[in-house]
Structures are given as C-alpha cells and as structure tokens.
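Step one of this worksheet: look at the structure below.
In what follows, chains are A, B, ... by sequence order, proteins preceding strands, each numbered from 1.
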Number of protein chains: 2
Amino acid sequence: MNRTPSASAEDYLKALYALSTAPDASERVNTKAIADRLSLSQPSVTSMLKSLQKQGLVSYASYRGAALTADGRTEALRVIRKHRLIEVFLHRMLGYSWSEVHDEAERLEHAVSDTLIDRMDAALGFPDFDPHGDPIPGRDLTMRSHDAVCLLEIEPPCEVTIKRVMSQDSAVLDWLGQRGIRPGAPIRLVHLSPFDGPAEIAIDDRAIHLGRGLASMLRVRPVDAD
Amino acid sequence: MNRTPSASAEDYLKALYALSTAPDASERVNTKAIADRLSLSQPSVTSMLKSLQKQGLVSYASYRGAALTADGRTEALRVIRKHRLIEVFLHRMLGYSWSEVHDEAERLEHAVSDTLIDRMDAALGFPDFDPHGDPIPGRDLTMRSHDAVCLLEIEPPCEVTIKRVMSQDSAVLDWLGQRGIRPGAPIRLVHLSPFDGPAEIAIDDRAIHLGRGLASMLRVRPVDAD
DNA sequence: TTTCAAAGTTAGACACGGCTAACATGTCAA
DNA sequence: TTGACATGTTAGCCGTGTCTAACTTTGAAA
C-alpha cells in the first residue's frame, strides 16, 4: 500500500502542498480549491483524496477538507524538488527562457528518477532557487524558507531587489522579462496609488506601472537588508 | 482519431519497429513476438493492435499479424529518436555509463517534447549514434543505415573496429565495458571455434573469449574498409 | 488428409482516473 | 432558528490498458 504515487497522485499532492502553504491558507484544504487548481471536477477530487488517504499520504474527513500527512508532504516536496531543478536545468543548460520551463517541467517531473535529479543537481552546482526565484528543496526534502516580502507590503519610495516572481503564466513572464523584471533585478518602488491603484516602479530609470495583480506576484527585499 | 499516442502505444510501436526490422524478420509481426518482447499477455497485444489500427498506425488482420503503416513507422522513429538522444545526453552531459542510460531513457522518451529533444540534439552537436552505436534518426525521422556487420560473419584473423553493441542488459554492458569492448574500440578477431564454439578476440593484446551469444551482439567493420 | 500443438482471439473481469446527475451537508444571513 | 446557496459526496458511467480462462484458427507432422 506504499507504492510510488502515480503521476496524477503527484499532481494532487503538489496542489495540496501549494494550497496549504499559501499566504492566507487554513490548515485543511477545500475539495473545491483542489478541483479549481487542477481543473478537475469535485467528485474526481473526493475520490482521489480517499485513495491518497488509503496510501497514508493525506488525512481526510468527509466534508472537512484534507491535509497532507508527513509522508504526503515528503512526496510533495520530492516532486517540487524535481520540478524546480528541471526548470533550472532547462534554463541554464538548454537555453529555455523562464517562460518556457514550466510546462516542460510539468511533464518531466513525473518521469525523472531520484538518481537523475541528483545528477542534474550536482551538474548545476546545487542551486538554491529556480528561474522564478522559487526555493528548491534540498536532498533532505526540507523547504528552504524565503525571507522576501510582497512588493505591496513595502513603503514607497524604496530600493529593492526582486527575489521571486510568483507566476507560471508564460505571457506574463514574457512581458515582465522583456522589461527586465526578474529575480536579481534591482528596482525602485516609486509610488503606490491608493484605492487598489497601480504600483509605479523604476528599473534602469525607466518607469513601469503595474496593476495590483501583477505587483502582488513580485517578492522583493529592500536593498539595505543585506 | 489522430491524437498523440499514449506511452503504452509508443512502446508497442517501438516493439513493432524493432521486430519488423530484425535481421531475419518477415513483413508481418506475430502477436506472440510482441507479447514476449513487452512482457505482456497475448490478449493485451491483440486489443492494442486493434486500437492502433483504428488510429491508422498499424495494419492488422486477425490471425495474420501486424505491420506498421507509414504513420506508425514515423511515430516509432520519433520515439526511437527521443530514446537515443536521451541516452547520448545522459551519457555525455550527466556522466551516466552506457549500462545505465537505457532504463532512464525508457521512461523519459514518453515525457520529452519534440522541442526539448531538438534542443538536446543541438546541445550535443547533432550526434549520429547513441552510446551503444545505435543510429539516431534525424529530425526528418529517417533511419540512417548502418554498414557494420556481425562479428560472426567476419573471416578470422581480421582487424576490425567495433561499431555497435546490440544489448540493453546492463550486466552484459558492464562486463563488456570493463574489458574495453565498446563502439570505436579496435579489436582483432583471432579465431572462431567450430561447433558453436567461442570467438577469441584480442583487445590491447589481451585475449578474450566470447560465447556466440555475446559475439553475435557485436557489429564491426574491418579496419581497412575506411 | 487428419490431427494436434502452438498461436490467436473472444469474453469477461479489474484498477485507475476521469466524468455527469442527483443527493447531502454546512454555513451565513435574515 | 431557518432557509438558501455554496460546497461536498454518492452513484453510476466511460475509456484505457491490463489480466485469466475458454474457445478458435493455423499450419506442420504423421
């Protein structure tokens, strides 16, 4: 009863991990939230949760949502580690842009062995972050914590460094990338318009106005924090 | 009705290709031969052949065996191309030995996109052969012909170069590799014992005696043929 | 020409992972 | 406290790809 999770099961575990570690998330995760995230019907989710519980990866109670067990969390982190290392590998070794890596990694993460991923890790020099700035769990499958904060929580004006861009949408990533907005880039938060207005930032002395949606995807650290 | 073949379907197409291009193969391939090669039951094969026929990849008639259609052949070659390029990639870029590459490639071949494989191909400098000396179909999906002959067809004594080692068994490959028997290695066929006896070869002036089984896996070219 | 073993197919089952339709439960607002 | 509506589950279906058991066909030897 403890076989390797199927590709589908891995996707559920990843979704569960992401939803339960989201900024404002509760302990237990909704059936609906999982269904929405994976674009599946709710009954499909119910049935997979029961199956994952039988495998000891999820704790689940009818009408009460689900949570990862310690084992489930480990499996989720194993997949996330694979996903992010593959992203770095595609980016650095094969010239993929950061907007292209996600979809390819989404398929490969279910096919690469633990051995292969460790060799990729070594070939890359044991990177800590993927091309989007997402932290890569180490071989011990613990998630590194990330001390960056949301751009919208900064008091303008302020010089910050972009640490992480929390989007997987390739159109968004292309648009940001063309403007130099990527992890490591130094930017200046100039102004935050009230009433959910845009954020004005400056990068290389060029002004860019970002809607709140986009701005909230940027995780930054004040320059003097180092 | 012309979707991308499933991972299973790809395995059947590869098997069909291998069996129908084997040295002494007939036009049509047995159900049993496929079942044996894939370690599946015969009824499973019958049912998949019907499905592949419906997809236009295989021509099949009850009790008459099966053959690839032009489309099926193309799909088979696409998978073989992926498999062999992945093998080269693992070997050259990630330090895999030639006895390790097959199993990993067997899983990855179903997950890599055409785009990724083309980038790997370019990163490797468009190799013509995989680590076992098997020819890699080009982007146009045509199989390069291979002018090497079986070691057992050579008249000893004769200096030859090993061109290809037709085994996927890692124990066999390790044993051969430890003795320097790999594509590119120059060897001397010293003697062929009669009555299905061993082949005596010399490599770096060291004598090695190979059973017919092993010897028949070696494809070579006489040194003066270049 | 007959027969019989090997090869092939059909029938029917199962696990997996989806789905829709219908029913059950929870929760918030009145 | 009680609806009403959002959320969740159950029931039952489907397609894929596998299996075993039972039956059919083929083809080669007698």
Does B:S51 reach a base, just sugar-phosphate, or nothing at all? Heavy atoms under 4.0 Å. nothing
Would B:H132 and B:H102 count as having a side-chain donor-acceptor pair, cut-off 3.5 Å? no
Over all atoms of both residues, closest heavy-atom pair of A:E109 and A:K14: OE2-NZ, 2.7 Å
Mind checking B:S44 for me? I need base, sugar-phosphate or nothing, with any heavy atom below 4.0 Å counting as a touch. base
Residues A:R119, B:E104: salt bridge by 4.0 Å N-O rule: no
5'-most to 3'-most nt of DNA chain C touching chain A (<4.0 Å, heavy-atom partner on protein side) reads C:dG17 to C:dG26
Salt bridge check: are A:R221 and A:D147 linked by an N-O gap of less than 4.0 Å? yes
Between B:Q42 and B:M48, just flag the one whose closest nucleotide in DNA chain D comes earlier from the 5' side. B:M48
Going by heavy atoms in the side chains, are A:Y12 and A:L57 under 4.5 Å from each other? no
Please, which pairs that meet ring pair (Phe, Tyr, Trp, His ring centres under 6.0 Å) have at least one residue in residues 17-67 of chain A, sequence neighbours excluded? none
Considering only NZ, NE, NH1 and NH2 on the basic side and carboxylate oxygens on the acidic side, decide whether B:R78 and B:E75 come within less than 4.0 Å. yes
Quick one: how far along DNA chain D does chain A reach, first to last nucleotide 5' to 3', anything under 4.0 Å to a heavy atom? D:dT7 to D:dT10
Compute both the distance and the angle, then confirm whether A:R164 meets the cation-pi test with A:F129: under 6.0 Å from the six-membered ring centre, within 45 degrees of the axis. no
For A:T31, which contact category applies under a 4.0 Å heavy-atom criterion: base, sugar-phosphate, or nothing? sugar-phosphate
Contact class for A:S47 vs. all strands (heavy atom < 4.0 Å): base, sugar-phosphate, or nothing? nothing
